[in-house]
A.B. asks: 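Before I ask anything, let me first share the structure, which is written out below as structure tokens.
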Amino acid sequence: MKAAFEAVVKSCPTSWQPMPTARRSPMSAPSRRTPGVRGRPRARRTRTAAASPYRSARKRSGGVSLRTSSLTTNVEPQIAVTRTRAESARSASRRGRSGALTAGDDTGRRERRSYHHRPMTPAPRVRFAPSPTGSLHVGGARTALYNWLFARRHGGTFILRIEDTDVERNRPELVDQILEAMTWLGMTWDEGPFHQSERTHLYREAAERLLSEGKAYRAFETPEELEAARKAAEAQGETFRYSGAGREIPKAESDRRAAAGEPFVLRLKMPDEPIVVDDVVQGRAEFPAGALDDFVLTRSDGHPLYHFSVCVDDVAMGITHVIRGVDHLANTPKHVALFRALGAEAPKFAHLGMILGPDGKKLSKRHGAAGAEEFRAQGLLPEALVNFLALLGWSPGEDRERMTMDEMAALFSLERIGPSPSRFDHEKLAWLNGQYLQDVPAGRLADLVKPFGVPAGCSDETLLRAIPLQKPRAKTLVELAQGLSSWVADPADWDAAGLKKFGKPANAPLLKTFLERIAAIEPLTHAGIEEAARALAAEAGVKLGDLAQPVRLALTGTLASPPLFEMIEVLGLETTRRRVLALAARIESPEAPS
RNA sequence: GCCCCCAUCGUCUAGUGGCCUAGGACGUCACCCUUUCAAGGUGAAGAUCGCGGGUUCGAAUCCCGCUGGGGGUACCA
């Protein structure tokens, strides 16, 4: 299995380089091309090249698709939205959710744009920001997919950003794996991949600004001191919160201690008022003031921490909608406070429910497969996996289930995402994959199935003719390969139960007679074979099955296979004769080793 | 502990106050088709909408409480 998978991976075209990567030119940080669109005060920005995000978005939506992706949805079909603006607005408010970019709004925007006016609402910019501490988990794949679908639906931009600020846990070799998985799934990105590890100057600048503006401050406690304080608080049954002691240190003293080389972290001054997070999916949540303490922005070694780099980058990249897992919901008030401190408007948030294993526990390798490449190795088709993942939390309504990526992109909306966690049902995935498999032409299927093992010596022609017979019996490429192997090659042995039931001595002459009859058929078609078989069964006074089953046993070694006469047609007379004679010989001398 | 979120057939979901005797899909079961196994077709079983209160002429849908599940509470992401 493992070898097969490696073969698959090798055979996969690895061509995702058309986009400029931050890696190649680290200095071309998007802050230049994409200045804090919403973040910094307008006046400070020059609106020439700086307007590029708008420009490129407009070009793309004009049907000129800059980065040609076959998956890019055209503008026109997208207008086929089912809900009117009024309906969307009403439902959004009734739900108490903030209706970010409802379908209706967007339709209106699109119309305006066709008159070459600057859109009132800029095209959305979304990002998928995996951290290379593991492969692409299905949860991550689904998050990426929703971001991708949202961008496509609204003619926006999908950005890929690698969150690799944690040097210790970061495994660079996993980046390629994640990129490859995304490519396999058909999710192309418009910008990136940007590596946070190559954007440290941005975080440093932001940190300095926050410090000088008095929105952040230095704190000199050591990790050990904090740990001790935390333990003490817990011992008293209280929640530990940072005291805010650093806030009281006079600026001059703080500067002096820093200059003297005393290690410090930077902490954000949290506002003294409750923070409301208006989530498109989860609804409105209010976090009381004081529930969050002044969290750490940068470590004592100067490295930015997750919350900080995320917000700085979201501002720098002009992110308008943050679509991510619920595990980040509780972090969101921190981000909201940070966006404010950075002088930026917070993006719209959409937090997706957890994907759980079939047992309701957190999905992991224990549940069979959790990473995209594992599903690939199991012989799943990317279009089926993507379709299945899309339905985990999102529903287009109208009982639609099978959809292409283009169709999903045309139907997608954040308002139709459910807030609750969902379980990963392998059975349904397999079923869906089987449905997709039936639509793949034999030629392409032949290429796809080869890495999963096809009997040596099987010609392409035989494979091409055999696949249509085996296809309806397979849900995955693995099953297809196994099914094919069961009859394209000579059987190594015969099924014991089959031998017992159909290995009666009287069957040996019957098998030989069958061979004589079909040898006379020219050309050897399954219809002709069936006719001959029926005639012979009638003559012999047995049911068709009593003739067909021994022949099937001879051909496949088993009692279950594709239609017998069609197999004979594909296999040809010589192969059929060889296998039937082998079984006849076995029947005649049961003691001889087979 | 504290803060936040979630809750409709076994599973994914539809449902946005009357159209719900709760719809679809996977799975399960039965029958049909049939040379076997699948696929396919037809049909069935399966949810007192987690529980308890309220609001209303009317609640799966709105409000409150409870229970259960999940997340956060790091110089991880």
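Reminder, nothing fancy here: chain letters follow the sequence lines and each chain counts from 1.
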A.B. asks: For A:Leu356 versus A:Pro421, what's the shortest heavy-atom pair and its separation?
C.D. replies: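 Reported closest heavy-atom pair: CD1-CB, 4.0 Å.
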A.B. asks: Measure from the side chain of A:Arg473, starting at C-beta and using heavy atoms only, and say which of B:A38, B:G27, B:C12 lies closest.
C.D. replies: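 Nucleotide nearest to A:Arg473's side chain: B:A38.
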A.B. asks: One thing to verify: whether A:Glu407 and A:Arg402 come together as a salt bridge, which I'm taking to mean a side-chain N less than 4.0 angstrom from a carboxylate O.
C.D. replies: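 No, no charged N to carboxylate O under 4.0 Å.
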A.B. asks: Please tell me if A:Arg267 has a side-chain N or O lying less than 4.0 Å from either OP1 or OP2 of B:A74.
C.D. replies: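 Indeed not, no polar side-chain atom of A:Arg267 lies that close.
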A.B. asks: Nearest whole Å is fine: how far is B:A74 C1' from A:Glu234 CD?
C.D. replies: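 Going from A:Glu234 (CD) to B:A74 (C1'), I get 12 Å.
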A.B. asks: Do A:Ser422 side-chain and B:C12 base share a donor-acceptor contact under 3.5 Å?
C.D. replies: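 Not at all, since no donor on one side and acceptor on the other fall under 3.5 Å apart.
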A.B. asks: How long is the line joining NE2 of A:His328 and P of B:A74, in whole Å?
C.D. replies: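 The answer, rounded to whole Å, is 16 Å.
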A.B. asks: Tell me the interatomic distance from A:Lys362, atom NZ, to B:G70, atom C1', rounded to whole angstroms.
C.D. replies: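 So the NZ-C1' distance, A:Lys362 to B:G70, works out to 10 Å.
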A.B. asks: Quick check with a 6.0 Å cut-off and a 45 degree axis cone: is A:Arg257 positioned over the face of A:Phe264's six-membered ring?
C.D. replies: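 Output no; distance or angle outside limits.
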A.B. asks: Name the nucleic acid region contacted by A:Pro563, choosing base, sugar-phosphate or nothing; use a 4.0 angstrom heavy-atom cut-off, strictly under.
C.D. replies: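 Base contact - A:Pro563 has a heavy atom under 4.0 Å of at least one base atom.
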A.B. asks: Nearest to the side chain of A:Gln282, heavy atoms from C-beta on, is which of B:A74, B:G71, B:C5?
C.D. replies: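 Of the options given, the side chain of A:Gln282 lies nearest B:C5.
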A.B. asks: Of the nucleotides B:C12, B:G71, B:C4, which has the atom closest to the A:Ala285 side chain?
C.D. replies: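 Selected nucleotide (nearest to the side chain): B:C4.
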A.B. asks: When you check the phosphate oxygens OP1 and OP2 of B:U35, does a side-chain N or O of A:Arg534 lie under 4.0 Å from one of them?
C.D. replies: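 For B:U35, OP1 or OP2 has a side-chain N or O of A:Arg534 closer than 4.0 Å.
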A.B. asks: So does A:Asp490 pair up with A:Arg579, basic N to acidic O under 4.0 Å?
C.D. replies: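 Here A:Asp490 pairs with A:Arg579 in a salt bridge, since their nearest N and O are under 4.0 Å apart.
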A.B. asks: Report yes if the distance between the aromatic ring centroids of A:His335 and A:Phe308 is under 6.0 Å, otherwise no.
C.D. replies: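 No, too far apart.
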A.B. asks: Which whole-number value in Å describes the distance from A:Ile417 CD1 to B:C12 P?
C.D. replies: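 Spelled out: CD1 on A:Ile417 to P on B:C12 is 17 Å.
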A.B. asks: Want to settle it: does A:Pro223 or A:Ala291 sit nearer the 5' end of RNA chain B, counting the closest nucleotide to each?
C.D. replies: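 Nearer the 5' end of the strand: A:Ala291.
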A.B. asks: Whole angstrom is fine here: how far is it from CD in A:Glu479 over to P in B:A38?
C.D. replies: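 About 12 Å, once rounded to whole Å.
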A.B. asks: I need the NE2-P distance between A:His426 and B:C12, as an integer number of Å.
C.D. replies: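 Going from NE2 in A:His426 over to P in B:C12 covers 13 Å.
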A.B. asks: Considering just the side-chain nitrogens and oxygens of A:Arg230, establish if one lies under 4.0 Å of OP1 or OP2 belonging to B:A74.
C.D. replies: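 Indeed, a polar side-chain atom of A:Arg230 lies that close.
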A.B. asks: Does any donor-acceptor pair link the side chain of A:Arg423 with the base of B:C12 at a separation under 3.5 Å?
C.D. replies: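 Looking at the base of B:C12, it does not pair with any donor or acceptor on the side chain of A:Arg423 (distance under 3.5 Å).
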A.B. asks: Once you apply the 3.5 Å cut-off to both distances, tell me the Watson-Crick or G-U wobble partner of B:U56, or none.
C.D. replies: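 Looking at the geometry, B:U56 pairs with no nucleotide.
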A.B. asks: Give A:Glu221 one of three labels, base, sugar-phosphate or nothing, depending on what nucleic acid heavy atoms sit under 4.0 Å from its own.
C.D. replies: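 A:Glu221: base contact, heavy atoms under 4.0 Å.
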A.B. asks: Show the nearest heavy-atom pair for residues A:Leu559 and A:Gln549, with the distance to one decimal.
C.D. replies: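 Where A:Leu559 meets A:Gln549 most closely, the heavy atoms are O-NE2, 3.6 Å.
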A.B. asks: Output the rounded distance in Å from CZ (A:Phe287) to P (B:C5).
C.D. replies: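 Atom-to-atom, A:Phe287 to B:C5, this comes out as 7 Å.
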A.B. asks: Can you tell me how far P of B:U73 sits from CG of A:Asp327, to the nearest Å?
C.D. replies: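 Going from CG in A:Asp327 over to P in B:U73 covers 10 Å.
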A.B. asks: Pick the nucleotide of RNA chain B nearest each of A:Pro263 and A:Asp425; which residue has the one closer to the 5' end?
C.D. replies: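 Between the two, 5'-proximity favours A:Asp425.
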A.B. asks: Let's test this: given Watson-Crick or G-U wobble pairing with both distances under 3.5 Å, identify the partner of B:A25.
C.D. replies: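 Base partner found: B:U11.
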A.B. asks: Reckon A:Phe565 touches a base, only the sugar-phosphate, or nothing at all at heavy-atom distances under 4.0 Å?
C.D. replies: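 Base contact.
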A.B. asks: With a non-hydrogen cut-off below 4.0 angstrom, is A:Val296 in contact with a base, only sugar-phosphate, or nothing?
C.D. replies: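 The residue A:Val296 makes sugar-phosphate contact but no base contact.
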A.B. asks: Any strand is fair game: report the nucleotide pairing with B:C66 by Watson-Crick or G-U wobble, both distances under 3.5 Å, or none.
C.D. replies: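 By the stated definition (distances under 3.5 Å), B:G50 pairs with B:C66.
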A.B. asks: Kindly say if A:Arg299 contacts the phosphate of B:C76, meaning a side-chain N or O under 4.0 Å from OP1 or OP2.
C.D. replies: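 The answer is yes; a side-chain N or O of A:Arg299 sits under 4.0 Å from OP1 or OP2.
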A.B. asks: Sort out the partner of B:C2 for me: Watson-Crick or G-U wobble, both distances under 3.5 Å, none otherwise.
C.D. replies: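 Pair assignment: B:C2 / B:G72.
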